[in-house]
Structures are given as structure tokens and as C-alpha cells.
Amino acid sequence: MPETPRSEQELLARARALAGRRVIDVATQLQLSMPRSMRAGKGFVGQLIERALGATAGSLSEPDFQHLGVEMKSIPVAADGRPLESTYVCVAPLAEPAGRFEHSAVARKLARVLWVPVQGERGIDPAERRLGSAVLWSPDEHEMATLRADWEELMERIALGRVEETTARHGVALQLRPKAADSHARRSGIGRDGAPTETLPRGFYLRASFTAAVLRRCFLAV
DNA sequence: AGCTGATCATAT
DNA sequence: ATATGATCAGCT
């Protein structure tokens with residue numbers, strides 16, 4: 001297990017040293033065996049890269065590299081570099097939705113992100129998928145405004161007890177989607193009358209259309 | 001073909 | 001139990 005990087009530059013250098021390598025080679029080096037399938041190992045590649053880079057936050061509600069304030073996200077991409085999936089950000093607070101965007105978990109996690117592209121096409125054997133060149137990103141003014149507007153809209157709906165009628169169709173960049181073991185999971189929330197109720201746990205996700213624009217901008221600058 | 005709602009594994 | 005890491009599968 002590598003030590004945690006001491007600077008952003010060191011983190012980026014380490015991440016870029018992974019570029020071009022296959023998932024199975026990184027796994028072998030860390031003495032990890034491959035899951036039977038991506039269905040059975042959904043988080044495997046992300047956790048593999050966290051280990052390879054020396055992330056520290058575990059399952060805490062903190063950026064992966066706490067001392068650097070950097071969140072690492074592996075992102076499955078097609079041959080043309082476009083993301084194939086949305087990106088999970090964090091759980092949505094359904095019971096105590098007060099607060100300002102600047103202090104939200106969404107804003108803290110997205111303040112600085114290390115994107116690590118990974119070949120994600122379903123036709124490629126998971127073991128054979130290659131890592132791409134990582135990029136560091138912070139939201140620009142426009143991206144930040146979009147994220148804030150989405151967050152405020154979604155949080156307002158939660159606060160007003162309208163989470164049940166809020167779907168993944170809401171939000172330009174950020175969406176609210178189920179985040180649970182299954183559809184029977186329940187979490188405290190706010191009901192239509194403003195009274196406490198039980199509802200399906202949800203998380204904030206970035207739409208693939210948004211991360212596509214982010215990656216385009218990052219790779220243009222490189 | 002893209003997207004939404006559902007789901008799988010692991011850490012603490 | 002609830003956070004993290006995500007991808008799957010079926011519908012539009």
C-alpha cells in the first residue's frame with residue numbers, strides 16, 4: 001500500500017504513471033483478485049485506483065485525499081473519451097436539508113477532482129481495460145453556477161417534502177437518484193405535510209453530459 | 001442509443 | 001446501519 005501523496009503534483013504524477021496500464025496489472029501489483037464481473041464488482045476499479053494512489057478517506061464523507069482536499073473519481077469512457085455512466089457524488093440529506101451550497105458535501109467534494117478515465121465499454125473484458133491519463137479539475141464559474149442552481153432546486157424540493165415526486169429528470173448537471181441496496185431500503189425524510197417520513201435513500205449524481213463537457217475542457221487544456 | 005431507477009460489493 | 005466505490009438492465 002503506497003503512502004499518501006504529499007502534494008497535488010505528486011498525486012497527479014502518480015495517477016499519470018497508471019496511464020496505459022491494464023486493470024489486472026494494477027490489481028496484481030496490489031495483490032488483489034479480479035471480481036467475476038463488473039456487475040459483481042461495481043466499485044472495484046475505483047477502489048483499486050484509490051489504493052494505488054494512497055487515498056485516505058475510506059468511507060468517510062470527506063474527499064479521498066483529505067489533506068489535499070482532492071476527490072478521486074474513476075470514470076468509464078468510450079473509445080472517443082466520452083463518459084459511459086453518470087458519476088456518484090454523495091448521499092443526499094433528506095431529513096436535514098438546510099444549509100448553503102458552499103458548505104454542502106457536493107461543493108466540498110467537487111471543489112477539486114482527480115478524474116481517472118478507464119476504458120468502460122462492456123465489450124472489453126474488465127481485466128483488460130486500460131487506464132487513461134488523469135486530469136485535475138475544479139469547476140469554472142459557469143460549471144459552479146450550474147451545480148449551485150441544481151443543488152438549490154433539488155434541496156428545495158427535499159425541504160418542501162417533494163422528494164417522492166423528484167426524479168432523475170430534474171437538474172441540468174446534478175441529479176437525484178436512488179442510492180440503496182434495493183428499492184425496499186428506507187431512510188428518514190420529509191413528507192408532503194412537512195412531517196417526518198420514511199423514503200428511499202438517494203444520492204447526488206453528475207450527469208454524463210456534464211462530465212463529458214468537463215473532460216473535454218480538461219483535455220483541451222492539457 | 002441514452003437515460004432512469006435498481007442494484008452489487010466493501011469499509012467502518 | 002450508512003457511508004464509500006460504482007455499473008446494470010430495461011424502458012422510452
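What you are looking at is a predicted structure, and each value in this text was computed from that prediction instead of being measured. So you know, we letter chains A, B, ... as the sequences are listed, proteins then strands, and number each from 1.
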Measure the distance from [atom1] on [X] to [atom2] on [N] and round it to the nearest whole Å.
{"X": "A/Leu131", "N": "C/dG5", "atom1": "CG", "atom2": "P", "answer": "17 Å"}
{"X": "A/Glu50", "N": "C/dT4", "atom1": "CD", "atom2": "P", "answer": "11 Å"}
{"X": "A/Phe44", "N": "C/dT7", "atom1": "CZ", "atom2": "P", "answer": "13 Å"}
{"X": "A/Arg202", "N": "B/dA6", "atom1": "CZ", "atom2": "P", "answer": "9 Å"}
{"X": "A/Met38", "N": "C/dA9", "atom1": "CE", "atom2": "C1'", "answer": "15 Å"}
{"X": "A/Leu206", "N": "C/dG5", "atom1": "CG", "atom2": "P", "answer": "12 Å"}
{"X": "A/Met34", "N": "C/dA6", "atom1": "CE", "atom2": "P", "answer": "15 Å"}
{"X": "A/Ile75", "N": "C/dG5", "atom1": "CD1", "atom2": "C1'", "answer": "14 Å"}

Side-chain contact, heavy-atom cut-off 4.5 Å: [X] with [Y]?
{"X": "A/Met38", "Y": "A/Arg122", "answer": "no"}
{"X": "A/Trp137", "Y": "A/Arg112", "answer": "no"}
{"X": "A/Val118", "Y": "A/Ile75", "answer": "no"}
{"X": "A/Leu147", "Y": "A/Leu110", "answer": "yes"}

Short side-chain N/O contact from A/Arg129 to OP1 or OP2 of C/dT7, under 4.0 Å: no
Side-chain N or O of A/Ser74 closer than 4.0 Å to phosphate OP1/OP2 of C/dA6: yes
Touch class at under 4.0 angstrom, heavy-atom based, for A/Glu62 against every strand present: nothing
Sugar-phosphate only, base, or nothing, as touched by A/Pro76 at under 4.0 Å among non-hydrogen atoms: sugar-phosphate
Heavy-atom donor-acceptor pair, A/Tyr88 side-chain to C/dA3 base, under 3.5 Å: no
Between the protein and nucleotides 2-5 of chain B, list every N/O to N/O distance that falls short of 3.5 Å.
residue: B/dT4; atom: OP1; partner: A/Ala168; partner atom: O; Å: 3.3
residue: B/dT4; atom: OP1; partner: A/Arg207; partner atom: NH1; Å: 3.1
residue: B/dT4; atom: OP2; partner: A/Gln175; partner atom: NE2; Å: 3.1
residue: B/dT4; atom: OP2; partner: A/Arg207; partner atom: NH1; Å: 3.1
residue: B/dT4; atom: O3'; partner: A/Arg169; partner atom: NH1; Å: 3.0
residue: B/dG5; atom: OP1; partner: A/Arg169; partner atom: NH1; Å: 3.2
residue: B/dG5; atom: OP2; partner: A/Ala168; partner atom: N; Å: 2.7
residue: B/dG5; atom: N7; partner: A/Arg177; partner atom: NE; Å: 2.9
residue: B/dG5; atom: O6; partner: A/Arg177; partner atom: NH2; Å: 3.1

Heavy-atom pair of closest approach, residues A/Ile49 and A/Leu18: CG2-CD1, 4.4 Å
Stem list, DNA chain C (Watson-Crick or G-U pairing under 3.5 Å, at least 3 consecutive pairs): B:1-12 with C:1-12
Cation-pi geometry met for A/Arg148 and A/Phe101 (6.0 Å, 45°): no
Detail all sub-3.5 Å separations between protein N/O atoms and N/O atoms belonging to nucleotides 8-12 of chain B.
none

Trace of the side-chain hydrogen bond (donor to acceptor under 3.5 Å, both in side chains) decision for A/Ser86 with A/Arg207: CA-CA 5 Å; A/Ser86 55; A/Arg207 291 183 179 279; over 6 Å; no
Any salt bridge between [X] and [Y], counting N to O under 4.0 Å?
{"X": "A/Glu102", "Y": "A/Arg108", "value": "no"}
{"X": "A/Asp140", "Y": "A/Arg217", "value": "yes"}
{"X": "A/Glu3", "Y": "A/Arg14", "value": "no"}

